[in-house]
Amino acid sequence: MPGGRAARNVSCVATQDTAFRALSDVVLALASEHEVEPVLQRLVHSARELSGARYAALGIPDGEGAFSCFLTSGMSDELIAAMGPLPRTHGMLGAMLESPRPHRTEDISKDPRFRGWWPRAHPKMRSFLGVPIVARGEVIGALYLTEKDGGFSAEDEKLIALLAAHAAIAIENARLHERSRELSIVEERNRLARELHDNVTQRLFGVALAAESASTLLDRDKAAVAAELARVGELAHGAMEELRAVVFELRPASLEAEGLATVLRKHVDVLRRVSGQRIDLCVGELPRLASGPATQVLRIAQEALGNALRHAEAEHIRVALENGSGRLVLSVADDGRGFDPGAVRGRRLGLTSMHERATELGGKLAVDSGAQGTIVRLEVPA
Ligand SMILES: Nc1ncnc2c1ncn2[C@@H]1O[C@H](COP(=O)(O)OP(=O)(O)OP(=O)(O)O)[C@@H](O)[C@H]1O
Ligand SMILES: [Mg+2]
């Protein structure tokens, strides 16, 4: 009957439509997710829904007879818990990892590769569709679907193969990403080691030499000793600055990626742990800063915090990063012994460089200190 065929066509179009939409959702999710596991989990759910299977799973073997990742869909947490540890790559699960060909059967238990029994608490399964996940000719995992009323069709197989191809891309991307991250860490480490060797070691060598010659001159020539000691001080300062520059160089990358507030929070965390000092950090809604100025603000915060920790003998240090009518306001306050900022002379670089950085930023730096403690306040136009 013509009407019947039309109705069937409509329902067929509707199913295809749903399938395409679901597929496109999955593909879009691939692009927007940075982590691979949520993407794969979504793929497994979609595979189950689109094929009409009761259970679905995706396994990535670890190369040692087990799965490094085994995600399921259609199984409750209780069921998963009752089944115990992750499956191993044997039986039908393993068979799908041996060749890139998909496999479809009405009754998995009749397959010669089936081990002959289900583990305790494992649901009994009959119909089965296994599709290997293949990347560059190599099987890197598989999608498993079971328990569909009426069994799996050739259409189901095509659809799942498409999802498997996307899973391959997601897994490969994640692996490449991990490798490039490892490589850049190694490169950065090498570069820093080189820098430390070239600059800081040389300067410290100079410090040692100057100290030695000062001690041999000790009884003979007071003026020469004083000159050598001044040199020791100068070289040591140079080495410290160099070291700080190298250490700081680690920061801009993470500043760019994580933002000022996060990097400052991490820094405060480290200081708390190292010093055991109480440090409160308060971060409000911040105006946006480019990474150059953000680095300067971070360095000022670090110097002010360092001073409070080293010199103030404070009970309590409070750091705040806030929005002051569109300007970024940093304050570092301590309740320590205070000092006279106008009287600081000689070779002290910390306060000087804080002021220099503030000027470079087009901002204002104020250091107020007295018997109640010290407050360093920086205002920067956003
Ligand atoms: N929060 C503070 N509480 C008490 N004294 C402080 C505080 N900040 C700075 N001072 C005093 O001011 C001096 C100068 O500070 P500055 O940061 O310029 O030098 P520094 O910390 O001694 O050395 P560096 O320049 O290597 O950091 C310090 O030596 C200290 O005596
Ligand atoms: Mg200082």
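Hydrogens, waters and symmetry mates play no part in the numbers below; they use all other heavy atoms, side chains included. First listed ligand is number 1; within each ligand, the first listed atom is number 1. It should be emphasised that the depicted structure is a prediction, and the values quoted were computed from it without experimental measurement.
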What do you reckon, does Thr352 have a nitrogen or oxygen under 3.5 Å from a nitrogen or oxygen of ligand 1? no

Can you tell me if NZ on Lys222 sees more than 12 non-hydrogen neighbours from other groups inside 6.0 Å? no

Against heavy atoms of Ala308, which atoms of ligand 1 measure under 4.0 Å? 1 (N)

Straight-line distance of Lys124 NZ to Trp118 CH2, nearest 0.5 Å: 8.5 Å

Against ligand 1, does Glu303 come closer than 4.0 Å with any heavy atom? yes

Show the numbers, then the answer: is there a side chain to side chain donor-acceptor pair (under 3.5 Å) between Ser291 and Glu256? CA-CA 6 Å; Ser291 72; Glu256 286 223 347; 3.1 Å; yes

Does an N or O anywhere in Gly338 fall below 3.5 Å from an N or O of ligand 1? no

Of Arg42, His45, Glu49, the one forming a side-chain hydrogen bond (donor to acceptor under 3.5 Å, both in side chains) with Ser73 is His45

Which atom name does Glu303 have for its N/O/S atom nearest to the Mg ion (ligand 2)? OE2

List every atom of ligand 1 that sits less than 4.0 Å from any heavy atom of Arg310, numbering the atoms from 1 in the order shown and giving each element. 20 (P), 21 (O), 23 (O), 24 (P), 27 (O)

What are the two closest heavy atoms between Phe70 and Leu86, and how far apart are they? CB-CD2, 3.6 Å

How does Val376 reach ligand 1, if at all, at less than 4.0 Å between non-hydrogen atoms: by side chain, backbone, both, or neither? neither

Could you walk me through whether Asp280 and His316 pass side chain to side chain donor-acceptor pair (under 3.5 Å), step by step? CA-CA 8 Å; Asp280 288 346; His316 184 191; 2.9 Å; yes

For ligand 1, find out whether one of its N or O atoms is nearer than 3.5 Å to an N or O atom of Gly350. yes

Tell me the contacting part of Leu351 for ligand 1: side chain, backbone, both, or neither, using a 4.0 Å heavy-atom threshold, strictly below. both

Would you say Ser213 and Glu228 are linked by a side-chain donor-acceptor pair, where the criterion is simply a distance under 3.5 Å? yes

